[in-house]
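Step one of this worksheet: look at the structure below.
Here is the naming used below: chain letters follow the sequence lines, and residue numbers restart at 1 for every chain.
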Number of protein chains: 2
Amino acid sequence: MKILPDSTMQRPKRTQSGEKQPYHHGDLRAALLKAALLLIDRHGVKGFSLKDAAALAGVSTAAPYRHFADKQALLYALQGEGFVLFNAALAEAFARGETASSKIVEMGVAYVLFALHHPAHFRVMFGLNAGPESGLGPDPSRASGFLLLVEAVAALLPEASAAVRNDLVIAAWSLVHGFAWLQIEGAFAGSVEIGDVESQLRRTLTLTLPRAGQS
Amino acid sequence: MKILPDSTMQRPKRTQSGEKQPYHHGDLRAALLKAALLLIDRHGVKGFSLKDAAALAGVSTAAPYRHFADKQALLYALQGEGFVLFNAALAEAFARGETASSKIVEMGVAYVLFALHHPAHFRVMFGLNAGPESGLGPDPSRASGFLLLVEAVAALLPEASAAVRNDLVIAAWSLVHGFAWLQIEGAFAGSVEIGDVESQLRRTLTLTLPRAGQS
DNA sequence: CCTACCGATCGGTAGG
DNA sequence: CCTACCGATCGGTAGG
């Protein structure tokens, strides 16, 4: 794969006064992460190489090793970055929802929008375990957004048993994750009519969510 | 990756009478597909090579090209094979269910069991579009099992609008797909208690499915 | 952060 | 279906 340096990720230039300007505000590390995201978007996690990322950032093939021990370390960094963004989006959605069920719906919407807006992060976070021992295991910080779902479900079904709540947590998580994944993969195309993604998801979620006290 | 020939996929042997025995009942093609499935299970779709598959089947690196034009052709074959099995399993489940809602539940169970029992097929079928243009697009025959879900939902909600039915089709498909994927990826581990996978899914699905006439 | 390079792997082909 | 091989790519390192 021939990768040309991204025009937005230039090599250092000298100003008219002759000082050397650092990479991207001095942050090659960030430039490499950005390049990796772009390449993963285009070619998938396994189809991305450090050499390509270096070329896209306009540096030599050895340069990335100044910032990452190896390729996997870069992927870990991307995964961590993704979970920070993801958990923040879920927390914001949780806070925004005014009722238990709207908290759940907002979190679901945030989950899917995150996947659509950050597909490369999403793939690194959830689609990486290509094999049982692919190296990149689940990240502990994954739990943080997830616990909010557990909390919202408890609020929605205060009198339900723990088992029933557990069932609903699994249902909501599975539905939203499957929706996001199928959307990213384009699997709905041609099979189902999906207009606006967000309103489709809202309708689907509310249709599915048991009303409180009904269980 | 060093791949040793699989003891179940031996090179041709001579019987005591001296005749040459063909590969696997004369079917190297089948042996290569089987080897590919095993490698994809272990290393993911992108982590599998024709050379490894050939080695695992006990033949030279050039041999696969007698049966497949190139690597992608083998993956296509695997995808097609997967959809045949998948659609058959869904059709059987549809037929087995006695009511509309049990048809849906049985299809969901079949969907997930297929994913668990044929993870490599499942990955090739649904997890391949690593990038927007990864080559392996959706297969048309995918629709066949899917249409049965549309039919079952129509039977479940005979008086509902087409839009509502559509919402439920998307909900059911997303939920089951997400459940299967998260299960394969091991994402539930540590976060949620899942005992028996099948009964968990049955409970989750029935909890979620609107009863007929209730919408 | 660069040049130069290694050892390994990969898809694919030539020519039996 | 095999041997032998090419051209390309990749992760990573030596030694500035």
Task: Secondary-structure string, 5' to 3', Watson-Crick or G-U under 3.5 Å, | for another-strand partners, for DNA chain C - done: ||||||||||||||||
Task: Parallel, tilted or perpendicular, as decided by the 30° and 60° cut-offs, for the rings of Phe122(B) and His177(B) - done: tilted
Task: Sequence-distant partners of Phe179(B), ring pair (Phe, Tyr, Trp, His ring centres under 6.0 Å), two or more places apart - done: Phe188(B)
TODO: With sequence neighbours left out, write down each residue that passes side-chain contact (heavy atoms from CB on, under 4.5 Å) with Ala54(B), or none if nothing qualifies.
DONE: Val59(B), Pro64(B)
Open item on the list: If I take atom CG from residue Leu149(A) and atom CG from residue Leu168(A), how far apart are they, to the nearest 0.5 angstrom?
Closed with: 8.0 Å
Open item on the list: Is the distance between the ring centroids of Phe86(A) and Tyr111(A) under 6.0 Å?
Closed with: yes
Task: For Arg96(B), all residues meeting salt bridge (Lys or Arg N to Asp or Glu O under 4.0 Å), sequence neighbours excluded - done: Glu92(B), Glu106(B)
TODO: Heavy atoms under 4.0 Å is the rule here; annotate nucleotides 11-16 of chain C 5' to 3' with B where the base is hit, S where only the sugar-phosphate is, and - elsewhere.
DONE: BBB---
TODO: For Phe146(A), check ring pair (Phe, Tyr, Trp, His ring centres under 6.0 Å) against everything at least two apart and list the hits.
DONE: Trp173(A)
